[in-house]
Amino acid sequence: MAADLHLLGDRRTGDGERLLAILLCLYVASITLWPMGQVLVTAFRPGDDGAPLGVLRDTLAARATGRAFMNTLTLSLASVAISVVLGGALALAVGLMRMRFRAVLSFLILMPLIIPSQTLALSWIELMGSGSPILRALGLAPAQGQGNPLYSRSGIALIMGIEHMPLVFIAIRASLKSVPADLIEAARIAAIPPRRVLMRIILPLTYPSALAGALLAFTAAVGNFGIPALLGIPGRVPMLTTLIYQRLNGFGPAVAGQVAVLALILAALAGMALMLRHLALRRLTLRIEAGRVFTPAHRAPLWAQGALWVVVLVIALLPLAALTLTSLTPAIGVPFSIQVASLDQYVRAWSNPAVSRAFLNSFTLSGLAAVICVGVALPLAYLLTRRPSPAATLLDLSAEVPWVVPGTVVALAMILAFLPPLPLVGISLYGTSAIILISYLARFLPLALRPVVAAAQNGDPGLDEAARIAGIGLGGRIARIFMPSVTPAATAGAVLILMTAMNELTLSSLLWSSGHETVGVMVFSLQYEGNSTAAAAVSVLSTLLLFTLCMFAELIIGRTGSSTLPWRG
């Protein structure tokens with residue numbers, strides 16, 4: 001009994017709270033720890049010759065593995081360099097220049113991160129190709145028959161760098177908000193030139209955050225699937241994520257051991273980057289006394305504001321404009337003009353049963369994932385903040401694993417865990433919507449848990465203690481005291497899950513089956529088949545739906561839970 005108390009809580013922890021902790025442990029273990037464990041078991045099994053670790057040895061020695069690993073490593077590092085330069089410059093411009101419409105500008109800067117990677121890649125393909133409706137009008141498009149320059153190593157690095165640029169922007173922008181105004185004013189009084197203030201005072205304070213953002217961008221690049229799939233597969237540039245997809249797509253579960261090893265390589269790369277990020281934040285962050293936050297005193301020159309807006313609009317809106325114009329053309333290869341523009345592609349797309357079914361599937365699965373994840377996050381956050389224990393801490397860490405590792409690893413884990421028939425019931429979940437839903441539940445739980453925990457930590461734990469002393473049961477305390485205080489944060493988490501899962505591709509690309517398509521899968525499949533105009537129409541529809549969800553989040557959450565929204569936080 002004493003060991004049970006130590007593991008599940010202290011002497012204030014009642015039987016109901018211990019039972020709740022046990023149920024949550026079973027839930028997280030079944031959708032996270034057990035599937036992820038299958039990857040380890042499969043990767044380290046003996047080879048066909050019976051040699052220990054034979055699968056690991058053979059896969060690591062394969063030439064395809066080495067090539068995909070080097071491409072993943074070098075292109076991810078190159079994309080990080082682009083993200084740091086671009087994100088750092090934009091963060092300094094937005095943070096140090098006083099201007100109007102700052103919130104709109106920040107939202108546009110974050111758009112490459114908000115828009116799904118397959119839509120971002122497709123929009124840049126349409127912008128940079130020989131049939132580009134924008135570059136062709138300007139006389140800058142590649143010649144007919146000339147390949148798209150993005151189907152290359154440099155193209156992959158460039159688009160991944162743009163997509164992950166907001167991660168660096170967010171990190172540096174947050175560090176600029178902590179720069180004390182007294183320090184800047186003292187430098188001005190001492191007649192230190194603005195350039196030296198920037199180089200000797202402001203920039204050194206942002207270095208730890210910039211490094212942390214760069215490592216986070218590297219983690220995202222290592223696990224990126226949409227951009228390497230749409231650019232790398234046609235350009236014959238294999239990366240680990242696309243190699244896993246192609247092996248499973250071509251050979252099925254027969255190569256489970258090989259792809260498990262590839263998945264472990266991905267997880268190791270991401271894990272090392274996140275460990276370095278943790279060390280950077282822990283050891284390099286400067287402790288600064290709290291004071292007035294620095295705000296720009298003078299409005300930026302019009303030419304500087306104009307240049308900033310041009311850069312942001314080119315990055316955020318120009319590719320989407322090319323995508324939209326392409327979707328209005330009647331067929332592939334027909335140049336865009338007002339005379340030929342029509343909505344025929346949208347009509348054909350929506351009349352396609354597979355497309356309409358994909359939208360319904362995505363909305364249903366993402367909605368269920370949002371509701372269930374919030375339903376799990378609320379009691380888990382209660383235990384973490386009101387009844388902390390080793391079991392609750394272990395649950396918190398375990399819930400983070402599917403979000404930390406690349407999505408391809410999570411998808412493979414679900415295949416290995418749920419392809420065999422389940423014990424007792426004898427039913428396999430592979431090839432059903434259930435396996436996609438379970439992967440969403442595992443992957444996106446932290447999106448609901450983190451904001452709820454943050455809101456609960458700011459609440460008053462004395463109210464729960466008083467209710468317990470008054471004899472109110474666990475259910476009453478959670479429903480009547482805890483939930484009302486964290487409802488805005490829980491709503492924000494649910495909206496984030498809905499936005500993220502609606503257009504998700506990495507998980508569903510490996511888990512979908514006929515009749516269980518998702519929006520991301522349809523965009524990828526149409527483009528892969530060569531029907532780029534239909535893919536553009538579906539992408540535009542999904543982007544409009546995403547922007548609608550963003551507007552819904554603003555209206556529902558408002559400023560109450562604004563810190564959880566990526567374009568506000």
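We number each residue from 1, following the sequence as shown. Small disclaimer: the values here were computed from a predicted structure and weren't measured.
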Are the side chain of [X] and the backbone of [Y] linked by a donor-acceptor contact shorter than 3.5 Å?
{"X": "S539", "Y": "T119", "value": "no"}
{"X": "S351", "Y": "V347", "value": "yes"}
{"X": "Q345", "Y": "P330", "value": "yes"}
{"X": "N503", "Y": "G520", "value": "no"}
{"X": "S428", "Y": "F418", "value": "yes"}
{"X": "S513", "Y": "G431", "value": "yes"}
{"X": "T241", "Y": "G223", "value": "no"}
{"X": "R136", "Y": "A141", "value": "no"}
{"X": "S508", "Y": "L511", "value": "no"}
{"X": "T219", "Y": "L215", "value": "yes"}

- request: Show the numbers, then the answer: is there a side-chain contact (heavy atoms from CB on, under 4.5 Å) between T533 and S327?
  value: CA-CA 5 Å; T533 52; S327 69; over 6 Å; no
query: Any luck finding a side-chain donor-acceptor pair between H516 and S433 under 3.5 Å?
result: yes
So do [Y] and [X] actually touch side chain to side chain, heavy atoms under 4.5 Å?
{"X": "I82", "Y": "M165", "value": "no"}
{"X": "P112", "Y": "I315", "value": "yes"}
{"X": "L412", "Y": "L248", "value": "yes"}
{"X": "F107", "Y": "R102", "value": "no"}

- request: Flag yes if more than 12 heavy atoms outside F101 fall under 6.0 Å of its CZ atom; otherwise flag no.
  value: no
message: Looking at L140, I'd like to know if its CG atom is crowded, meaning that more than 12 non-hydrogen atoms belonging to other residues, nucleotides or ligands lie closer than 6.0 Å.
response: yes
query: Shortest non-hydrogen contact from V523 to A535?
result: O-CB, 3.9 Å
field: Nearest non-hydrogen partners of F444 and A501, listed with the distance
entry: CE1-CB, 3.7 Å
Distance from [X] atom [atom1] to [Y] atom [atom2], nearest 0.5 Å?
{"X": "F218", "Y": "S79", "atom1": "CZ", "atom2": "OG", "value": "8.5 Å"}
{"X": "L231", "Y": "T242", "atom1": "CG", "atom2": "OG1", "value": "11.0 Å"}
{"X": "E504", "Y": "F225", "atom1": "CD", "atom2": "CZ", "value": "10.0 Å"}
{"X": "I265", "Y": "T72", "atom1": "CD1", "atom2": "OG1", "value": "9.0 Å"}
{"X": "L120", "Y": "L320", "atom1": "CG", "atom2": "CG", "value": "8.0 Å"}
{"X": "E163", "Y": "I159", "atom1": "CD", "atom2": "CD1", "value": "9.5 Å"}

- request: Given side-chain contact (heavy atoms from CB on, under 4.5 Å), test M239 with I156 step by step and report yes or no.
  value: CA-CA 10 Å; M239 296 179 69; I156 295 173; 4.0 Å; yes
field: CA sep, side-chain torsions, deciding dist, call: F524, Q118, side-chain contact (heavy atoms from CB on, under 4.5 Å)
entry: CA-CA 7 Å; F524 177 63; Q118 69 273 10; 5.5 Å; no
task: Any chance you could lay out the side-chain contact (heavy atoms from CB on, under 4.5 Å) test for H164 and N224, step after step, and finish with the verdict?
output: CA-CA 10 Å; H164 305 137; N224 195 302; 3.4 Å; yes
- line: residues 344-370 vs ring pair (Phe, Tyr, Trp, His ring centres under 6.0 Å), sequence neighbours excluded, gives W350-F359
